[in-house]
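What follows is a single structure, written as structure tokens, with notes after it.
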Number of protein chains: 2
Amino acid sequence: MKELTIQETAEMLQKLEDVHILIHRTPDGDCIGSGYSLQAVFRQLGIRSKVLCDDPIPKRFHFLLPEEPEEDFEPKYVVSVDLAEEALFGSLKEIYGGRVNLCIDHHISNQKYSEYLMCEPDASSACEVLYKIYRVMGIRFTEQIAKCLYTGIATDTGCFKYSCATPEAHIFTAEMMREFPHIRYDLINREMFTVKSRAQLQVEIEMFRNMEFYFNGKVTLVWAMLDICEKNGITIGEMEGLTTLSTQPEGVQVGITVREPKRGFYKISMRSTDSVNVAEICQKLGGGGHVKAAGCTISGTTDEIRQTLLKAVESAI
Amino acid sequence: MKELTIQETAEMLQKLEDVHILIHRTPDGDCIGSGYSLQAVFRQLGIRSKVLCDDPIPKRFHFLLPEEPEEDFEPKYVVSVDLAEEALFGSLKEIYGGRVNLCIDHHISNQKYSEYLMCEPDASSACEVLYKIYRVMGIRFTEQIAKCLYTGIATDTGCFKYSCATPEAHIFTAEMMREFPHIRYDLINREMFTVKSRAQLQVEIEMFRNMEFYFNGKVTLVWAMLDICEKNGITIGEMEGLTTLSTQPEGVQVGITVREPKRGFYKISMRSTDSVNVAEICQKLGGGGHVKAAGCTISGTTDEIRQTLLKAVESAI
């Protein structure tokens, strides 16, 4: 594995051909914005590319997809974006495991699985890293590229709410806004951070009412169970933005959200509101992520999950 | 009334003496940040000043207050900030009505009640206007001033979520972040936008469950009634950030929140998610505000209120 600079990455991207772009499973605004902005950039350079994801792209991100249909072709190169480890390829790991030529990322937990790596752990988002690369490449920004990058930066910073909302993130955003004043950033944000279907609101209300508090309210546990979702006619995949519920109560240091995408199989999201390093906690449980936002997967009964999680968190608070 | 430029306002502020600074009743992050940043600036210039508000400053804003006790004195000048009309003085109108020398504001609905006016309707917040004025004045920014201005910009833009989050708002924020990298902006945001007491969460859950939908879900009505608050041991004043609930359901164009601070007396907040001009609607009801966020007060029974509001909104959607 060789680490690249922004400059070197910019040069390498220009030389690629027939690229498959991988983004992580359970795709979010940052990996989707990264993947599709990169595809738009490749198109500008006359390079054929295709974005691949193990899960479908949620509807609310469809405005970032290109209008042109995507071609099928055998890749000569594989680039992964916002993808810290091969486990997050999902089932695509069978095809692409060990085959990634270049990874562009911002996770401090990046597992260095690619031939070349451009990783900036101080960047707010993979989209921020790509913004810098595109500027060096002299790419002509289009409305689609700007929408992709804005969405990535906005979603990964919680709309500039978190500590990863750096001055650079604000400045790049201002630059894009000046270049594309007619994009309705407010509507993108509404879609990303505010809007919920009535079914989703219904489920959230139930989750709020069943929220569990531990260690004098320093830790919360929110259960997003299959049963509640099914009862309200909604899939767990549609319950985006759930992780923010767990940190709302006053005094919470670690908010834990347990999602049950398949019966008996649990995806854990941990959020730290201040000084607790949840990446460390999740790494011990076989996961990873950022200092303030991390995750892992566990299986077992809900009682076992609860015990495992509380034990893992206890020493950190 | 004479309108001033940024430059003229900067010059005028330097010449004042013994200033009473007025901010609006039901104070929010922008008027509090404006008032107390201005007080800090006056202190730097050796000018005595005092911030006055008809309501107490909510606890979560106390970190913006100066450490030094405030002196009582008879004002030679009165400056109002973020204050569109004298009705928002509350009971202070008796003393200061018709006596404001300079108003610094960003409301398009400003009633031009002051001797001199510096109003920039395109600015995200009064704090953004003040930021520009302070830069022209050559003020030495301190951590307290930066915290005040950041809080004002962040709260009025919904943490950079709304259309009033201009490129300038992002750039000024980046400049302050670079100058004061150690301020925990993320914790300010957590306090402003995320944290809720358990009582508050309880009340919100009830409000969500009782949310009313009209005109095919284009209009929502959320009731923040005294009874629900009292039942949960919380005052209506502590129920900040309520207005965001009404616009969460998919398809909402106008979200209306009705607060009942005193029995039978209602404060209405209207939020537009897209093209409806709620300032116009609220003006018809004797209120005012911004195109996308406005308010008014009504009295009557809840049935009367509902009819009045729905009738006022109907023609706009």
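First the proteins, then the strands, lettered A, B, ... as listed; each starts at 1. All values below come from the heavy atoms of this structure, side chains included, with hydrogens, waters and symmetry mates left out.
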Problem set entry | Exceeds 12 heavy-atom contacts within 6.0 angstrom, atom CD1 of B/I108 | no
Problem set entry | Student check: side-chain heavy atoms of A/T194 and B/T247 closer than 4.5 Å | yes
Problem set entry | Within-4.5 Å side-chain heavy-atom neighbours: B/D186 and A/K161 | no
Which atom pair, heavy atoms only, marks the closest approach of [X] to [Y]?
X	Y	result
B/G217	A/R198	CA-NH2, 4.0 Å
B/R190	A/G251	NH2-N, 4.3 Å
A/Y150	B/F160	OH-O, 3.9 Å

For this session: Step by step, work out the salt bridge (charged side-chain N to carboxylate O under 4.0 Å, His left out) result for B/R184 and A/D274.
Result: CA-CA 10 Å; B/R184 288 293 300 274; A/D274 189 6; 3.1 Å; yes
For this session: Under 4.5 Å, heavy atom to heavy atom: which of residues 202-214 of chain B reach chain A? Give them by number, or say none.
Result: B/I205, B/F208, B/R209, B/F213
For this session: Considering only heavy atoms, give the residues of residues 162-170 of chain B separated from chain A by less than 4.5 Å, sorted numerically, with 'none' for an empty result.
Result: B/Y162, B/S163, B/A165, B/T166, B/P167, B/E168, B/H170
Exercise. Which one of A/T157, A/L201, A/I188 has the most heavy-atom pairs closer than 4.5 Å to chain B?
Worked result: A/L201
Problem set entry | Pairs of heavy atoms under 4.5 Å with chain A: top-ranked of B/K292, B/E250, B/Q248 | B/Q248
For this session: List the steps and the verdict of side chain to side chain contact (heavy atoms under 4.5 Å, CB included) for B/I171 and A/R178.
Result: CA-CA 11 Å; B/I171 284 171; A/R178 285 199 168 142; 3.2 Å; yes
Exercise. Which atoms of B/T173 come close to chain A, meaning under 4.5 Å heavy atom to heavy atom: side chain ones, backbone ones, both, or neither?
Worked result: side chain
